[in-house]
Amino acid sequence: MGILLLGLLTGQARVLAQARPAPKTTVSIPDPVVADLLTQARALQAQYHESEALAKYEQALSKVPATYEALWQAAVLSVRIGARYTDETRKAAYFSAARLYASRALVVRPDGAEGHYAEALALSNQATLLTARGRLLAYREMRTHVFRATELRPDWAEAWQLLGRWHYRVDHYSPLERVFSRVFLGGTPAGASTFRAIDALRRAHELDPKRIQYAYDLARVYLNRSQQTRATAVLQEAVALTPVTADELELSRRCRRMLEQLNRKLRRQISRHVRKL
């Protein structure tokens, strides 16, 4: 259980760091210079040059500070870039910047799915660096934003993945975390469920079956629920995908190892059954 939680939640900053850019938001930009900077930033993201893309978004914001697309994309990129550092001070700086960008995006567009997603993503990553109280408060605050993101953009796979991870993490609070939440925070966040985590991760996988990360997350939760047949089916889909990034290559290797372990377990079970005949 501890390994699964570490892989899904504590390690999620690194995994999400290589997530493909979310679909762009169409915004009417009167300033042609800003429009050109946004175009350049999108092109850089598509090529996985995320630091350069962040710089372009920041240039756009220096000219028009209320540019919604630049704000939420800068928030997401700040999380992804910060997650690559092992030094917690640098991580914290990037995650704090992400929170600021996301908060500004929500001021510009309170009902923007992307702004809510960016806020939830920043909170989930900040939580990994906080004290127990701060971490639990972050998960409470995250709830509204991640739910809102999927409500406003039900076709966005990354939002569903983040919702699935939230469900799983909160549903697997330790006994101490549950007691602390009940005594000092008025209870655990409402509605968290591993079954809902599976539903959300399955939705992400269905929306974007080419993303190995969604298959990997879903398979691990299936295994945690002892649903080996379903996990095997998802892993078979995962290993058939062609990795694009270094992180996807690593996930592909993990999926292959998981599938091999499941197949060995199945062969042992069949062998024992045959010997009993």
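Just so you know, these numbers use all the heavy atoms, side chains as well, and skip hydrogens, waters and symmetry mates.
Across every non-hydrogen atom of Ala75 and Ala118, the tightest pair is CB-CB, 3.8 Å. Of all heavy-atom pairs between Gly112 and Tyr68, the closest is CA-OH, 3.2 Å. Residue Val234 comes nearest to Ala215 through the heavy atom pair CG1-O, 3.3 Å, listed as atom of the first residue, atom of the second, then distance. Residues Ala138 and Ala127 come closest through the heavy atom pair CB-CB, 3.9 Å. Between Arg143 and Pro189, the shortest heavy-atom distance links the atoms CD-CB, 4.3 Å. The nearest pair of heavy atoms linking Lys91 to Ala83 is NZ-O, 3.0 Å.
With Gln45 as reference, Gln73 is the one residue of Gln73, Lys56, Glu50 to meet the side-chain hydrogen bond (donor to acceptor under 3.5 Å, both in side chains) rule. When Tyr173, Trp160, Phe147 are each tested for a ring-ring contact (aromatic ring centres under 6.0 Å, His included) with Trp166, only one passes: Phe147.
Residues Leu185 and Arg133 form a side-chain contact, since some pair of their non-hydrogen atoms from C-beta on lies under 4.5 Å apart. Contact of the Gln228 side chain with the Leu223 side chain is registered, since non-hydrogen atoms from C-beta on lie closer than 4.5 Å. Side-chain contact between Ser96 and Gln126 is present, with at least one heavy-atom pair separated by less than 4.5 Å. The closest side-chain heavy-atom distance from Tyr57 to Glu69 is below 4.5 Å.
Side-chain atoms of Tyr94 and Arg84 include no donor-acceptor pair closer than 3.5 Å. With hydrogens and angles left out, the side-chain atoms of Arg135 and Tyr139 include no donor and acceptor closer than 3.5 Å. No side-chain N or O of Glu151 forms a donor-acceptor pair with one of His116 less than 3.5 Å apart. No hydrogens or angles considered: nothing links the side chains of Gln40 and Gln59 as a donor-acceptor pair under 3.5 Å. If you check the side chains of Glu237 and Tyr214, you find no donor sitting under 3.5 Å from an acceptor.
In this structure, Glu158 CD and Thr150 OG1 are separated by 13.5 Å, a value rounded to the nearest 0.5 Å. With rounding to the nearest 0.5 Å, the separation of CZ in Arg220 from CG in Leu235 is 10.5 Å. Atom OG1 of Thr242 and atom NZ of Lys210 lie 8.5 Å apart (nearest 0.5 Å). Rounding to the nearest 0.5 Å places CG of Leu201 at 7.0 Å from CD of Gln161. Interatomic distance, OG of Ser252 versus CD of Gln213, reported as 12.0 Å (0.5 Å rounding). Separation of atoms CG (Leu77) and CH2 (Trp72) is listed at 8.5 Å; rounding is to 0.5 Å.
Using a 4.0 Å cut-off between charged nitrogen and carboxylate oxygen, Arg109 and Asp111 do not count as a salt-bridge pair. Taking the charged nitrogens against the carboxylate oxygens, Arg99 and Glu141 do have a contact shorter than 4.0 Å, which makes a salt bridge. A salt bridge does not link Arg256 to Glu260: none of the charged side-chain nitrogens sits closer than 4.0 Å to a carboxylate oxygen. Under 4.0 Å is where a charged nitrogen must lie from a carboxylate oxygen, and between Asp199 and Arg196 no such pair does.
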#### Entry: Stepwise side chain to side chain contact (heavy atoms under 4.5 Å, CB included) check, Ser78 with Leu54
CA-CA 7 Å; Ser78 293; Leu54 177 59; 4.0 Å; yes
### Task
I would like to know whether Leu176 and Phe180 meet side chain to side chain contact (heavy atoms under 4.5 Å, CB included); could you show each step before the answer?
CA-CA 6 Å; Leu176 184 60; Phe180 189 96; 5.5 Å; no
### Query
Between Gln47 and Glu52, is a side chain to side chain donor-acceptor pair (under 3.5 Å) present by the stated rule, with each step listed?
CA-CA 10 Å; Gln47 299 168 15; Glu52 294 88 341; over 6 Å; no
#### Entry: Intermediate values then yes/no, side chain to side chain contact (heavy atoms under 4.5 Å, CB included), Arg225 and Arg230
CA-CA 10 Å; Arg225 301 298 301 175; Arg230 291 180 176 178; over 6 Å; no
### Task
Starting from the C-alpha separation in whole Å, work towards a yes-or-no answer on side chain to side chain contact (heavy atoms under 4.5 Å, CB included) for Leu71 and Glu114.
CA-CA 10 Å; Leu71 286 168; Glu114 301 84 4; over 6 Å; no
### Task
Quick one: do Arg169 and Asp171 satisfy salt bridge (Lys or Arg N to Asp or Glu O under 4.0 Å)? Show the steps, please.
CA-CA 6 Å; Arg169 178 62 180 89; Asp171 195 40; over 6 Å; no
### Task
Could you go through the side chain to side chain donor-acceptor pair (under 3.5 Å) check for Arg202 and Tyr222 one step at a time?
CA-CA 10 Å; Arg202 187 162 50 209; Tyr222 275 147; 3.2 Å; yes
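Under the 4.5 Å side-chain contact rule for hydrophobic residues, Leu136 and Leu121 share a cluster. Tracing side-chain contacts under 4.5 Å through hydrophobic residues (I, L, V, M, F, W, Y), one never reaches Leu44 starting from Leu38; they form parts of separate clusters. Note: the hydrophobic cluster containing Ile212 also contains Leu262 (ILVMFWY, side chain heavy atoms under 4.5 Å, direct or indirect links). Val146 and Leu130 fall into different hydrophobic clusters, defined by Ile, Leu, Val, Met, Phe, Trp and Tyr side-chain heavy atoms under 4.5 Å apart, directly or through other members. Criterion: ILVMFWY side-chain heavy atoms under 4.5 Å apart, direct or through other members. Under it, Val179 and Val170 are part of a common hydrophobic cluster.
The aromatic rings of Tyr168 and His172 lie parallel to each other, their planes meeting at an angle below 30°, with 60° marking the opposite boundary.
In this structure a side-chain-to-backbone donor-acceptor pair under 3.5 Å is present from Arg140 to Gly187. When atom types are taken as modelled, the side chain of Thr128 and the backbone of Ser124 share no donor-acceptor pair closer than 3.5 angstrom. Ser181 contributes a side-chain N or O that, together with a main-chain N or O of Glu177, makes up a donor-acceptor pair within less than 3.5 Å. A donor-acceptor pair under 3.5 Å is absent between the side-chain atoms of Asp208 and the main chain of Ala204, judged by distance alone. Listed for the Arg203 side chain is a donor-acceptor partner under 3.5 Å among the backbone atoms of Pro154. Without hydrogens or angle criteria, Arg104 side chain to Pro65 main chain gives a donor-acceptor distance under 3.5 Å. Between the side chain of Tyr117 and the backbone N or O of Leu162, no donor-acceptor pair lies under 3.5 Å.
The environment of CZ in Arg90 is sparse: at most 12 heavy-atom neighbours from other residues, nucleotides or ligands sit within 6.0 Å.
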